[in-house]
Amino acid sequence: MVKITYIEYNGTPHTVDVREGLTVMEGARDNNIPGIEADCGGACACSTCHVYVDDQWVDRLPEKEAMEEDMLDFAWEPDPVKSRLTCQLRVSKDFEGLVVQMPEQQI
């Protein structure tokens, strides 16, 4: 299990264990974390699992692929550096301690 901290827009943190192989979005869903809607179920067909990655993690995550970049155009106030879609982040042991913050809203 890998510890990931999800921070709601209001600042409330949720640190949970997520099984390796799941996505960061599935970890939020399985642990009832508010703020990640995941309307498309992880198909990278919406932007409702958008988060801002903590500054310390930006360069430690896999690069965004073109489809994720395209979908982030539809996210609420995307940040060109820190915005990620959690459905595109597959959890590995390297994600231990990952911190993500939800935007004010999902579109």
Between Asp54 (side chain) and Gln56 (backbone), is there a donor-acceptor pair under 3.5 Å?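 Flag set: sc Asp54 to bb Gln56 pair under 3.5 Å.
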Tell me whether [X] shares a hydrophobic cluster with [Y], the cluster being built from Ile, Leu, Val, Met, Phe, Trp, Tyr side chains joined at under 4.5 Å.
X: Phe95; Y: Tyr52; result: no
X: Val91; Y: Leu85; result: no
X: Ile4; Y: Met25; result: yes
X: Ile7; Y: Leu61; result: no
X: Val53; Y: Val18; result: yes

With sequence neighbours excluded, give me every salt bridge (Lys or Arg N to Asp or Glu O under 4.0 Å) pair touching residues 92-102.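 For residues 92-102, and leaving out neighbouring residues, there are no salt bridge (Lys or Arg N to Asp or Glu O under 4.0 Å) pairs at all.
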So which pairs with a foot in residues 5-33 pass salt bridge (Lys or Arg N to Asp or Glu O under 4.0 Å), sequence neighbours left out?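 Those involving residues 5-33 are Lys3-Asp17.
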Quick one: salt bridge (Lys or Arg N to Asp or Glu O under 4.0 Å) partners of Glu68, sequence neighbours excluded?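 For Glu68 the salt bridge (Lys or Arg N to Asp or Glu O under 4.0 Å) partners, ignoring immediate neighbours, are Arg84.
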Nearest 0.5 Å please: distance from the [atom1] atom of [X] over to the [atom2] atom of [Y].
X: Glu65; Y: Gln88; atom1: CD; atom2: CD; answer: 7.0 Å
X: Arg90; Y: Leu22; atom1: CZ; atom2: CG; answer: 7.5 Å
X: Asp39; Y: Cys87; atom1: CG; atom2: SG; answer: 11.5 Å

So, do Thr48 and Cys40 sit near enough that their side-chain heavy atoms are less than 4.5 Å apart?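 Heavy-atom side-chain distance check fails, nothing below 4.5 Å.
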Could you check if a side-chain atom of Pro13 sits within less than 4.5 angstrom of a side-chain atom of Tyr6, using non-hydrogen atoms only?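 No - every pair of side-chain heavy atoms lies 4.5 Å or more apart.
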Would you tabulate the side-chain donor-acceptor contacts of residues 69-81 under 3.5 Å, counting partners in other chains and residues two or more places apart, or write 'none'?
residue, atom, partner, partner atom, Å
Asp79, OD1, Val81, N, 2.7
Asp79, OD1, Lys82, N, 2.7

Using the side-chain hydrogen bond (donor to acceptor under 3.5 Å, both in side chains) criterion, which residues pair with Thr12? Sequence neighbours excluded.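 Scan of Thr12 (side-chain hydrogen bond (donor to acceptor under 3.5 Å, both in side chains), adjacent residues dropped) gives Asn10.
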Side chains of residues 98-107: which donor-acceptor partners sit under 3.5 Å, not counting sequence neighbours?
residue, atom, partner, partner atom, Å
Gln106, OE1, His50, N, 3.3
Gln106, NE2, Gly35, O, 3.0
Gln106, NE2, His50, O, 2.9

